[in-house]
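Along the sequence shown, residues carry numbers from 1. First listed ligand is number 1; within each ligand, the first listed atom is number 1. These values consider heavy atoms only, across backbone and side chains, with no hydrogens, waters or symmetry-generated copies.
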Amino acid sequence: GDLGVVAVGFSGGQPKAGVDAGPAALIESGLLSEISNELGYKIHGDQRVNMYEELVPASDPDYRGMKNPRTVSAVNKRLAAEVYEHASQGRLVLTLGGDHSIAIGTLAGSAKAIRERLNREIAVIWVDAHSDINTPESSDSGNIHGMPLAFATGLARDDNEEYFGWIKDDMLMSVKKLVYIGLRDVDAGEKKILRDNGIKAFSMFDVDRHGIGRVVEMALAHIGTDTPIHLSFDVDALDPMWAPSTGTPVRGGLTLREGDYICESVHQTGQLVAIDLVEVNPSLAATEAGAQETVRAGCSLVRCALGDTLL
Ligand code: DIR
Ligand code: MN
Ligand code: MN
Ligand code: MN
C-alpha cells in the first residue's frame, strides 16, 4: 500500500523538552526501513523530521488559559494541510509525534480528506491513559496536549484564525464516532464532558473486567463496520513498565501485548486511514535502556497497525 509519513518534532503542547526528538528516535531505530522493506509499503513524504521552527511566532502569550496557543495553532494548521494532502491521495497517513497536541492537525486533515474523498465521517480510536478532551476553560494545566479532542470535535472553538479558528466545520469529527481505550487519569472536568456528550470510553477497569479482546470488539462495534478509522495512540497508554520514557506516565496501564493487540485488530478491519504515535520522549527515562524500551514499544505498535503479523 501507499503510506504518507509525517514526522513532527514538536513539543509546544506541553512543558517538557525532548518529546520533539521522539520521531527522530523512532526513525533512527529503523522503523521506516522496516515498514518499506519488510511490510512492503511505498512511503511518500520526505521522511525528515519537521520542526516547524519557521512557524513559531516572536511572542506567544497565554490565551484563554492556553500555553503557546499561537505556536500550537500554527503548527497544527500546517500539519492538517500535510495530512489532508496524503489522505486525499488515498494514502494511509502515519504521523510520528511529538506531543499529542499534534492530533488537532492530524484529525482535522484526515476528517476533511475522508469527507471529500469517500463522503464519510472518520471514527477515532484514542488509546491513552488520558482523555485529552479538556476545553481551554476546563483545563487546569493550560497544556494543549490535554485538549486536542475538544478542538477536533468542536466542543472548543475560537473565531480567531490564530487560535484554532482555521478549524472549519468540514474538519470536525463527531463525538459519536470517538471511542477511548486505556483511560486511567481523567480530570473531573473531562469526566463531565464525557458524560454530557455520551462519549464511549473503555478504561483500564474495562480492560481488566472483559479482557482486551472483548474491549476491542466492543469499541469496533460502537463505531460500526465500514467506517474509516483514525487511530491515535499515546504511548503513555502502555504501562510505564513498557514505556517509561514519556511526559506523563501513569501506572496500571496496558501491557505491550495489549497495545499491539489493539493495533493488530484495527489493522484487520481494513478500514484504517490514519495512525498517530505520540509522546515518545527519549530524554525522560531514568536509564538509557528505558528510553530504548519506549522507542521499541512505539515501533512495535506502529508495525502492528500496519499489518505486521506474528505468524
Ligand atoms: C491533564 C494531563 N489531563 C491535562 N493530560 C495529559 O493537562 O489536561 N495528556 N497528560 O496526555
Ligand atoms: Mn496521555
Ligand atoms: Mn494523549
Ligand atoms: Mn494485512
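Legend: residues meeting side-chain hydrogen bond (donor to acceptor under 3.5 Å, both in side chains) with Gln292, ordered by chain and number and at least two apart, are absent.
Neighbours of the Mn ion (ligand 2) restricted to protein N, O or S atoms under 2.8 Å: the count is 5.
Counted within 6.0 Å of CZ on Arg209, heavy atoms from surrounding residues, nucleotides or ligands total more than 12; the atom is thus considered enclosed.
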Pairs under 3.5 Å, N/O atoms on ligand 1 and on the protein: can you put them in a table with the distances?
| from | atom 1 | to | atom 2 | distance (Å) |
| --- | --- | --- | --- | --- |
| ligand 1 | 3 (N) | Asp187 | OD1 | 3.4 |
| ligand 1 | 3 (N) | Asp187 | OD2 | 2.9 |
| ligand 1 | 7 (O) | Ser141 | OG | 2.6 |
| ligand 1 | 8 (O) | Asn134 | ND2 | 3.0 |
| ligand 1 | 9 (N) | Asp132 | OD1 | 2.9 |
| ligand 1 | 10 (N) | Thr248 | OG1 | 2.9 |
| ligand 1 | 11 (O) | His130 | ND1 | 3.3 |
| ligand 1 | 11 (O) | Asp132 | OD1 | 3.3 |

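Between Thr246 and Asn281, the side chains place no donor N or O within less than 3.5 Å of an acceptor N or O (distance only, hydrogens not considered). A donor and an acceptor atom, one from each side chain of Thr248 and His145, are nowhere located under 3.5 Å apart.
Relative ring orientation between Tyr163 and Tyr63 is described as parallel, the plane-to-plane angle staying below 30° on a 0-90° scale split at 30° and 60°.
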For residues 15-24, which side-chain donor-acceptor pairs fall under 3.5 Å, sequence neighbours excluded?
| from | atom 1 | to | atom 2 | distance (Å) |
| --- | --- | --- | --- | --- |
| Lys16 | NZ | Gly247 | O | 2.5 |
| Asp20 | OD1 | Gly18 | N | 3.0 |

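Here Arg115 does not pair with Asp169 in a salt bridge; the nearest charged N to carboxylate O distance is not below 4.0 Å. Lys67 and Asp62 are not joined by a salt bridge, as no carboxylate oxygen comes within less than 4.0 angstrom of a charged side-chain nitrogen.
Under the 4.5 Å side-chain criterion, counting only non-hydrogen atoms from C-beta, Leu26 is not in contact with Leu32.
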